[in-house]
There are 2 protein chains.
Amino acid sequence: MGWGNFTFRKMGEKVVISLADCFQGYHFLNPTSIDRLEQISEKLICKRNSVLIRQDKIQKDIYFLASGLARVYYETADRQITLDFVSPGGTLISMNSYVHDTPGYENIDLLEDSIVYKIDQKQLFSLYESDIAIANWGRKMAELEFIKAEQRTMSKLFNTAQERYAELLEKYPQYIQRIKLGYIASYLGVSQVTLSRIRANIP
Amino acid sequence: MGWGNFTFRKMGEKVVISLADCFQGYHFLNPTSIDRLEQISEKLICKRNSVLIRQDKIQKDIYFLASGLARVYYETADRQITLDFVSPGGTLISMNSYVHDTPGYENIDLLEDSIVYKIDQKQLFSLYESDIAIANWGRKMAELEFIKAEQRTMSKLFNTAQERYAELLEKYPQYIQRIKLGYIASYLGVSQVTLSRIRANIP
DNA sequence: TAAAATTTTTAACATTTGTTAAAATTATTC
DNA sequence: GAATAATTTTAACAAATGTTAAAAATTTTA
């Protein structure tokens with residue numbers, strides 16, 4: 001859900017969102033609980049093209065994207081399908097891995113130089129058991145991520161690739177130029193050739 | 001996820017799952033907390049074709065399906081797309097409505113005579129604030145529903161309509177005959193004509 | 001049980017989209 | 001900045017699926 005109602009600043013041209021704002025994006029949290037979450041977080045400075053999550057590896061931890069851009073995708077032997085692009089303030093998570101401690105479905109790469117905060121799953125789970133505010137915050141996180149995923153599904157089911165491309169252009173005007181067309185095409189659910197036809201404006 | 005590891009009985013030919021087992025399907029719960037949840041639940045006996053949830057109405061409550069079969073679908077002016085079929089032990093919820101108290105996306109109808117348990121959202125939310133076990137159970141519910149939705153998305157992205165039809169036949173052998181082909185076709189993401197061709201075995 | 005209504009299959013055709021491959025453009029590297 | 005590599009566009013064709021409409025089959029109703 002991008003940078004909705006966050007208090008953010010610019011550094012050069014880069015949007016940077018604080019970790020506390022990433023947390024509060026899901027649900028109000030009292031300062032004590034924020035502090036507990038911050039204590040199990042680690043700040044990482046990552047280069048463009050860094051790999052955060054691989055589908056064949058267990059990746060239980062959660063990442064919050066403070067700045068930059070990420071791509072989430074599924075992969076099989078013969079195909080790669082982009083599920084989502086995530087902008088600052090968003091969360092990078094392989095839900096299946098996070099919940100079940102087994103390899104999940106998603107791969108997540110960073111498309112730009114980025115700042116991410118990594119939260120240790122084991123310590124987070126133990127906070128869930130002891131701090132009811134954090135337990136409810138974690139519930140909200142799952143609920144809101146569900147709704148976001150549902151909105152993506154709805155959009156894919158009911159909107160044309162052309163309409164969804166226009167949406168993307170509006171949502172990520174500053175990034176879209178630097179994202180490979182193949183990634184965008186698989187996000188839209190069409191071949192790269194079809195996306196080229198869309199861009200060439202053959203209605 | 002159907003009737004995985006539940007202790008169920010048959011009544012005539014009907015699978016019936018207890019409310020406590022519906023709860024425990026998500027996460028272990030202690031007897032006290034189960035009791036608290038049961039106290040805010042209401043049992044409903046519903047006829048085939050009953051409407052549980054409408055996308056234009058606020059439907060904050062959650063339903064657990066003890067027996068019968070439900071269909072979840074999205075609808076626009078010109079199209080109706082089936083998202084999921086839910087069998088006993090499953091949960092019927094419009095997540096957006098449940099979380100945001102506004103009309104959600106899904107319509108949910110019962111395709112068979114069914115028994116459902118309705119949980120009052122307001123009372124559930126107040127249990128979330130006072131009972132940390134229930135808060136974590138609610139978190140698990142959202143997380144696992146997310147994963148189920150993700151699996152459906154994966155299946156739709158990577159499997160052919162033919163493969164998915166075979167999966168359906170395997171998962172709901174006893175129901176599939178009574179479900180309209182139009183519903184199944186829209187679940188598979190193809191036209192009804194194409195589904196007829198699949199059934200006629202034109203490979 | 002016959003008639004009506006609903007659902008499913010089949011047919012014919014048009015359209016869209018994918019595939020492969022080559023040309024054009026843009027970006028990267030030395 | 002020239003040469004190389006990577007990416008994007010265009011073209012030509014084939015194949016799959018949607019659309020419309022009618023026929024067949026099944027279910028419901030009177």
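Values below: all heavy atoms of this structure, side chains included; hydrogens, waters and symmetry mates excluded. Every value quoted in this text rests on a predicted model; they were computed, and no experiment measured them. Each chain gets a letter, A, B and so on, in the order the sequences are listed, and its residues count up from 1.
In this structure, B:Gln121 contributes its side chain and B:Tyr98 its backbone to a donor-acceptor pair below 3.5 Å. For the pair A:Tyr175 (side chain) and A:Gly68 (backbone), a donor-acceptor distance under 3.5 Å is present. Checking side-chain atoms of B:Asn96 against main-chain N and O of B:Tyr105 turns up no donor-acceptor pair under 3.5 Å. One N or O on the side chain of A:Ser186 and one on the backbone of A:Thr82 form a donor-acceptor pair closer than 3.5 Å.
We find that CZ of A:Arg178 is positioned 13 Å from P of D:dT7, with the value rounded to whole Å. For B:Arg79 and D:dG18, the CZ to C1' distance is 12 Å, given to the nearest whole Å.
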Protein proximity profile, nucleotides 5-11 of chain C - base contact B, sugar-phosphate-only contact S, no contact -, cut-off 4.0 Å on heavy atoms:
--SBBB-

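Summarising the geometry of B:Ser87 relative to B:Leu69, their closest heavy-atom pair is CA-CD1, 4.2 Å, with the distance given to 0.1 Å. Contact record, B:Ile108 with B:Ile93: CD1-N, 3.8 Å, taken as the closest heavy-atom pair.
When both pairing distances are held under 3.5 Å, D:dA30 makes a Watson-Crick or G-U pair with C:dT1.
Remark: A:Thr194 is in phosphate contact with C:dG18, judged by side-chain N or O atoms under 4.0 Å from OP1 or OP2.
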